[in-house]
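First the structure, in the form of structure tokens, and then the observations on it.
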There are 2 protein chains.
Amino acid sequence: MAIGRPSPSSSQTPDPGAARRPSRARGIPEATVARLPLYLRALTALSERSVPTVSSEELAAAAGVNSAKLRKDFSYLGSYGTRGVGYDVEYLVYQISRELGLTQDWPVVIVGIGNLGHALANYGGFASRGFRVAALLDADPNVVGSTAAGLPVRHMDELEEIVATQHVSIGVITTPPGAAQQVCDRLVEAGVTSILNFAPTVLTVPDGVDVRKVDLSIELQILAFHEQRKAGDEPSAGDSVLDRAPGPVRAAAAKLRRAAGGGKAEQAKTAPAKTAPAAKGGPDDDLSAVMPA
Amino acid sequence: MAIGRPSPSSSQTPDPGAARRPSRARGIPEATVARLPLYLRALTALSERSVPTVSSEELAAAAGVNSAKLRKDFSYLGSYGTRGVGYDVEYLVYQISRELGLTQDWPVVIVGIGNLGHALANYGGFASRGFRVAALLDADPNVVGSTAAGLPVRHMDELEEIVATQHVSIGVITTPPGAAQQVCDRLVEAGVTSILNFAPTVLTVPDGVDVRKVDLSIELQILAFHEQRKAGDEPSAGDSVLDRAPGPVRAAAAKLRRAAGGGKAEQAKTAPAKTAPAAKGGPDDDLSAVMPA
DNA sequence: TAGATTGTTAATCGATTAACAATC
DNA sequence: TAGATTGTTAATCGATTAACAATC
């Protein structure tokens, strides 16, 4: 039960782009890339406090990782530290910023200005690091024309022109799930090659387009999984004696359950009736009939 | 870490293995747990279309993963498929739901009712799968008393009572970063053991408490990293000939740069002047002086 | 039965970590 | 110099994937 579970990729993105990209751009591992923003944030805080240098130990603590990992991560960027001394804060801020591409301007469009779109438009961290909201877009005539975060909401029809003239390469999708793929297609068609998806849908994109997703409900479900196991009386699924039984016993047990037909539905009271071919027992079935006492 | 909440699954069979179970709950890999919600979503869609069975190939496509991975994932749960046929949709929906703990009710508190808190309170996916907003909380007297998503915003002072009486074990933090750790401490003290953090801060929690974070600005920075490399005109950092040079050459180059003192600032125009001890050149320095043509 | 598809194996790949030589 | 701390190595761990025997 690791504390923090600073989820190497809280990103929760199975990185759809990674497969076809020259495996790892520049040889920097994805896991390392995902941590660079964390280091940068910690370094920025140190910088604001005018701290001149920091050791891997201190910086790692601030970023919530261990120091060996941090040093390994930095080793992919180059040798930016000084043995016996540590890292120069300002210098490292600059190097990581540059590595992440934050020394340039990234115009972004947000599509779907509902509650979440509003929240994102107002998000301070947006503008802070090179990202700039180029436009807010919505398909709903009732929303178009209103303002959010001081910007007018424009109609989807303007998408192509905005992307082209403002050189937008990053799009944020905050539409309802039903509209997400369609919006995604249109963004890609217009020239956007990186998409941050807040809609709970799997997006299909052509090669060369990166998608990352942020999914509240998935995060909550992962928490629930672990929470369920803290409570003490865990469901026994998959942890029954069956799991530790030798192969032949398991096979025999499965066969018996199949023959019996309805054992599972009995035990798991709210389970749907099993009518289809896959009606096999899971490992949490009552196996008292076939297991030695 | 044990908290006083009703046993979530008291109807389950006793678990003889619980006592000696290793830390990783049930031996299901984290990566697999993180994908279960994805499978569940795809299965739910199939269920709504009354599709009775699905093959690993079809389901994998719908979830955006490859089928070998899906079958491996499912193998951790048990044998819920039928060779030659596939998986029973309804049955699998139930099994995964139960595995994730979604067959029980999860009351959740949201702390910090700004734009994002509002958005989350209104988020449909929240209620859909066992999660229920038990309370909205804020410290600002101007916000307290207003309503969001039909619920009254209550004062932080009520936190402890709400958590205790409603058996809340999951908290969502949508406060400004400066308040996040303090709010987190208070949630933990009150008995919350799972936290979903939207504030851009690293939270420190005691053992037994899980934290997951959702961080827009980190996601954007990761996209920017990859985007930068698509553009074609990559910065040369870390990709210079130096990286491919043999050790001795690198060492010599570093030494020379150190002696020269200001080489880097020249080349990287916006780099901060290097004044501190760690003022070494990075791999993108101009090395023409020491590298063979 | 013949065809289809699962569940599992084993090879591979990538990420983490402790330890320590290099070196400031 | 002596102490401190990096950068790197190597061991380990965990995740992915293709392939295929088992079996419906």
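This structure is a prediction, so every number in the text was calculated from the model and none was measured. Note: hydrogens, waters and symmetry copies are ignored here, and every other heavy atom, side chains too, is used. In what follows, chains are A, B, ... by sequence order, proteins preceding strands, each numbered from 1.
Of the side-chain N and O atoms in A:Ser56, one or more sit less than 4.0 angstrom from OP1 or OP2 of D:dT6. Between B:Tyr87 and the phosphate of C:dG7, there is a side-chain N or O to OP1/OP2 separation shorter than 4.0 Å. Taking side-chain N and O atoms only, B:Arg83 has no distance below 4.0 Å to OP1 or OP2 of C:dT8.
Here the nucleotide nearest the side chain of A:Pro29, chosen from D:dT16, C:dA15, D:dT8, is C:dA15.
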Please list, pair by pair, any protein nitrogen or oxygen found under 3.5 Å from a nitrogen or oxygen in nucleotides 18-20 of chain C.
from: C:dA19; atom 1: N6; to: A:Arg71; atom 2: NH2; distance (Å): 3.3

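In A:Glu57, the CD atom is not crowded: 12 or fewer heavy atoms of neighbouring residues, nucleotides or ligands sit closer than 6.0 Å.
Within the 6.0 Å centre-distance limit, the rings of A:Tyr80 and A:Tyr91 are counted as a close aromatic pair.
Atom P of nucleotide C:dT9 and atom OH of B:Tyr76 are separated by 11 Å, given to the nearest angstrom. Going from atom CD of A:Glu30 over to atom P of C:dC13 covers 18 Å, rounded to whole Å. A straight line from CG of B:Leu77 to P of C:dT8 spans 12 Å, rounded to a whole angstrom. B:Asp73 has its CG atom 10 Å from the C1' atom of D:dT16, to the nearest Å. One interatomic measurement links the two molecules: CG of A:Asp88 to P of D:dT6, which rounds to 13 Å at whole-angstrom precision. In this structure, CZ of A:Phe74 is placed 19 Å from P of D:dT9, rounded to the nearest angstrom. Distance A:Lys69 NZ to D:dA11 C1': 17 Å, rounded to the nearest Å. In this entry the distance linking CZ of A:Arg35 with P of C:dG14 reads 15 Å, nearest Å.
Just one residue in the list B:Leu70, B:Val65, B:Asp73 forms a side chain to side chain contact (heavy atoms under 4.5 Å, CB included) with B:Ser56, and that residue is B:Leu70.
No side-chain N or O of A:Thr44 forms a donor-acceptor pair with one of A:Glu48 less than 3.5 Å apart. Under the 3.5 Å distance criterion, with hydrogens and angles disregarded, no donor-acceptor pair is assigned to the side chains of A:Ser194 and A:Asp210.
The two residues A:Val54 and A:Leu43 have their closest heavy-atom pair at CG1-CD2, 4.2 Å. The two residues B:Ala34 and A:Ile222 have their closest heavy-atom pair at CA-CD1, 3.7 Å. Across A:Glu219 and B:Val214, no two heavy atoms sit closer than the pair CG-CG2, 3.9 Å.
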(request) Would you write the dot-bracket representation of DNA chain C, where each base gets (, ), [, ], | or . depending on whether it forms a Watson-Crick or G-U pair under 3.5 Å and with which partner? (result) ..||||||||||||||||||||||
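Separation of atoms CG (B:Asp88) and OG1 (B:Thr82) is listed at 8.0 Å; rounding is to 0.5 Å.
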